[in-house]
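Indexing begins at 1, ligand by ligand and atom by atom, following the structure's order. It should be emphasised that the depicted structure is a prediction, and the values quoted were computed from it without experimental measurement.
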Amino acid sequence: MTEQATRPVPVRSIGTDLRRVDGVEKVTGRARYAAEQRADDDAGEALHMWLVQSTIAKGRVRRITAERARSHPGVVDVIDHTNAPRLEDTDNAELAILQDAAVGFRGQIIALVLAETPEAAREGATLVDVEYDVTPHEAELREDNATYRPDSVNPDMETDTDDGDVDAALAEAEVIVDQTYRTPYEYNNPLEPHATLAWWGEEEGRPVLSMFDSTQGVHGVVQALAPMLGLEPDQVRVQAPYVGGGFGSKGEAHAHVMAAALAARTTSGRPVKLAVTRQQMFALTGYRTATISHFRLGAKADGTLTAIEHAVQEQTSAIREFAEQTASPTRMMYAAPNRRTSHRLARLDVAVPSWMRAPGEMPGMFAHEVAMDELAVACGLDPIVLRERNEPEVDPETGRPFNRRRLLDCLHHGAERFGWESRAAEAGVTAEGEWRVGTGVAAATYPAMKMPGNAARVRALDGGRYAVAIGCVDIGTGARTALTQIAADALGVETGAVDLAIADTRLPPASVAGGSSGTSSWGTTIVAAAQRFRADHGDSPRPGLETTASPADDPTSEQYAFHSFGAVFAEARVHRWTGEVRVPRLLGVYSVGRVINPVTARSQFLGGLVMGLSAALFETSYRDPRFGHVVTQDLATYHVASHADVLDVEAEWLEESDEVFTPMGSRGVGEIGIVGTAAAVANATHHATGIRHRSIPLTPDRFLESVRA
Ligand code: MOS
């Protein structure tokens, strides 16, 4: 493997709307997702597995009795902490299941039932008798218990920052916004629930674990599981040819993946198939913590910020820490000489929180952008003018120049497209029939990231074709299509001349499909490999010639602050008598570098905007603190925006190319669409009604006081 400095790619296919290269596979049902896969023929028919989950939030399994389950005619085996294979490494308490009797949250995996059919496995699971020793638990996030200071926040950011003198600046401020904003527990609900097919075999006298897993990163699954199982990385093979969404919930291996691997260890080679149910996902596959954001903004009368303080309270799980980086966007978003951020956690006996689309930016920018709207009202300013007055010249967090900060261009372009100038200056004054009508705006931002450790292989085939291989996963975003375009342009051929292979750990290593970094990381790697191949072998290579390469370290990575920006505009209508909120128009305008494929990129933006709309209006879940579990654990009681909720949603982007960041000129599009959207909707409902809500979701009951208006 060699390293290759990348040069900008001449653009031919990039920027055109190539149809999805796997579209036919998907619409004809030939695309196989993890639960539909089959193991190698000699491994035999798969056993089906059902999970037994704890019904207490904290304590120990005193006794587990599997006699009744074992006597079920379809049940083959029951595995619990007394007979499960031992792990070499148990530091990751989320993954180290069935190693002892401890219970750390309600819903934790405490036994596995293997059977010849899914029905028998499920019935068998109900026949496992469990007795517990119960210990008191804490499952409620409150301001008085979120006091623990983590060493860092996701992924490895500073927990607290403190620059200048916030208190002195606030004491002198002419205008102050001092409010608390809240976001609820939110759950990833990708279309395809998590599933794993696992089987053990032998290669060259060593055990080998093979898996099909619904994951955002096959190599990440190996890195998590192999050391725990006492295996070298090359003894685990993971494939994920098709994945039906993830939003972060498939970004890391969760306990069910280990459950499948452990169970399959006991079956003498028979595969084990586990399809996690929608309800089980609420305890097992991560979620976004609820957040409490205490904001203090100090400003001069003209809206110039002098102080920004964002103190976050949220929760993690006692068994494994995940600290959402909720204040991270506050550190770089607006200019102010005095600034302070902090994160404090409640460590609760609950399921392990994790990544959900734009962790940090999503809840943090809800708070920040509603606070900015309040400051605009307090200063008597248009909210776009307020943002013009607080544009930083350099990144306030690092002092580095932004490589390209076009927030104001997004705001101005969006204002023109949305018809912002006709907006009423006053809140709560516009009505159409029985509907209060208003508009709102919010800014969006998301860091541009490239992950290390990627490599790609280019091989010449007959007839001027090329095989390009990289082990990344397309979770439905269109990565397979965008990477085909990037490879074609980098090799100087038509897209039809590229055979792209992905999603297998036997291919060169690739980073996770997360952090909106996939296309940037993998595309840069493919370009490096293609350029190295052409330098070594020319453009008429003999079939069979092959090059594997990684991009050289990027010298600009320490010179600039790399971020994308956007502006979200919303119209909201709030019904005078029922409080129902409708959002007839939603527009996002983005600066994300060059767009590789307008069709798939638009889908990412629209999906993000819809997910933000869904957060604004609907998404919340109720944890019962007495029992420690989420009560609303299905799509009937955890409502996700449906077609009837989504009206006119549009996404546009600025024409640009960011060749400082990637040789394709692109920066990443996966997450920024959700950022700021809930704030834009909340701000629009304030403009419609004059009622300021500082938490989401904006359910109808919360607007009933408008009846009096
Ligand atoms: Mo996304 S939450 O980075 O998978």
Side-chain angles (χ1 to χ4, degrees), residues 94 153-157 183 185-194 213-221 223-224 240 243-254 257 281 285-289 291 314 316 322-326 328-329 352-366 444-454 472-479 482 503 510-522 562-564 566 592 600-601 603-605 607-612 614-615 619 640 666-678:
E94 180 188 2
V153 297
N154 176 60
D156 55 6
M157 296 182 189
T183 63
Y185 295 103
E186 293 172 346
Y187 285 79
N188 299 293
N189 271 291
L191 199 55
E192 181 209 15
H194 299 59
D213 185 38
S214 186
T215 177
Q216 294 172 226
V218 287
H219 291 92
V221 174
Q223 285 155 18
V243 175
F247 304 125
S249 69
K250 299 171 183 173
E252 290 188 300
H254 293 294
V257 184
M281 285 168 60
T285 62
Y287 59 97
R288 194 196 308 280
T289 172
T291 68
E314 52 196 19
T316 184
F322 177 85
E324 178 116 355
Q325 69 274 37
T326 302
S328 62
V352 184
S354 181
W355 301 335
M356 179 163 169
R357 203 174 201 167
E361 276 75 17
M362 192 277 164
M365 286 292 278
F366 168 74
T445 187
Y446 197 81
M449 291 185 276
K450 283 195 305 261
M451 302 293 181
N454 287 270
C472 64
V473 177
D474 181 341
I475 62 172
T477 57
S511 50
V512 67
S516 302
S517 69
T519 303
S520 302
S521 308
W522 314 323
F562 291 98
H563 295 266
S564 287
V592 291
T600 57
S603 285
Q604 288 299 299
F605 292 130
L609 285 159
V610 168
M611 208 162 167
S614 188
E619 289 187 41
V640 174
S666 62
R667 269 203 305 265
V669 299
E671 279 153 290
I672 195 168
I674 195 175
V675 180
T677 305

- prompt: Looking at CZ of Arg357 and OG of Ser249, how far apart are the two atoms once the value is rounded to the nearest 0.5 Å?
  reply: 12.0 Å
query: Under 4.0 Å from ligand 1, counting heavy atoms only, is it the side chain of Met356, its backbone, both or neither?
result: backbone
- prompt: Just distances here: any N/O of Gly514 and N/O of ligand 1 closer than 3.5 Å?
  reply: no
statement: If we number the atoms of ligand 1 from 1 as shown, the ones under 4.0 Å from a heavy atom of Gln216 are 4 (O)
- request: Any atoms of ligand 1 less than 4.0 Å from a non-hydrogen atom of Trp355? List them with their elements.
  value: 2 (S)
message: Strictly distance-based, threshold 3.5 Å: is any side-chain N or O of Gln325 a donor or acceptor partner for the main-chain N or O of Pro359?
response: yes
N/O separation below 3.5 Å, Ser516 to ligand 1: no
message: So for Gly251, does at least one of its heavy atoms come nearer than 4.0 angstrom to any atom of ligand 1?
response: no
message: Looking only at protein heavy atoms, which one is nearest to atom 3 (O) of ligand 1, and what is the separation?
response: Gly515 N, 2.5 Å
- prompt: Just wondering, do Ser516 and Gln604 contact through their side chains at under 4.5 Å, heavy atoms?
  reply: no
query: Are the side chain of Gln216 and the backbone of Gly251 linked by a donor-acceptor contact shorter than 3.5 Å?
result: yes
task: State, with a plain yes or no, whether a side-chain heavy atom of Glu252 is found less than 4.5 Å away from one of Trp355.
output: yes
- request: Kindly compute the distance separating CD (Glu314) from OG1 (Thr183), expressed to the nearest 0.5 Å.
  value: 8.5 Å
message: I want to know if ligand 1 touches Arg357 in the polar sense, i.e. an N/O pair below 3.5 angstrom.
response: no
- request: Determine, using heavy atoms of Lys250 and all atoms of ligand 1, whether some pair is separated by less than 4.0 Å.
  value: no
query: Is there side-chain contact between Tyr446 and Pro329, with at least one heavy-atom pair below 4.5 Å?
result: no
- prompt: For atom 1 (Mo) of ligand 1, which protein heavy atom lies nearest, and how many Å away is it?
  reply: Glu671 OE2, 3.2 Å
- line: If we number the atoms of ligand 1 from 1 as shown, the ones under 4.0 Å from a heavy atom of Pro359 are 2 (S)
query: Within a strict 4.5 Å, meaning less than it, do heavy atoms of the Met449 and Ser520 side chains meet?
result: no
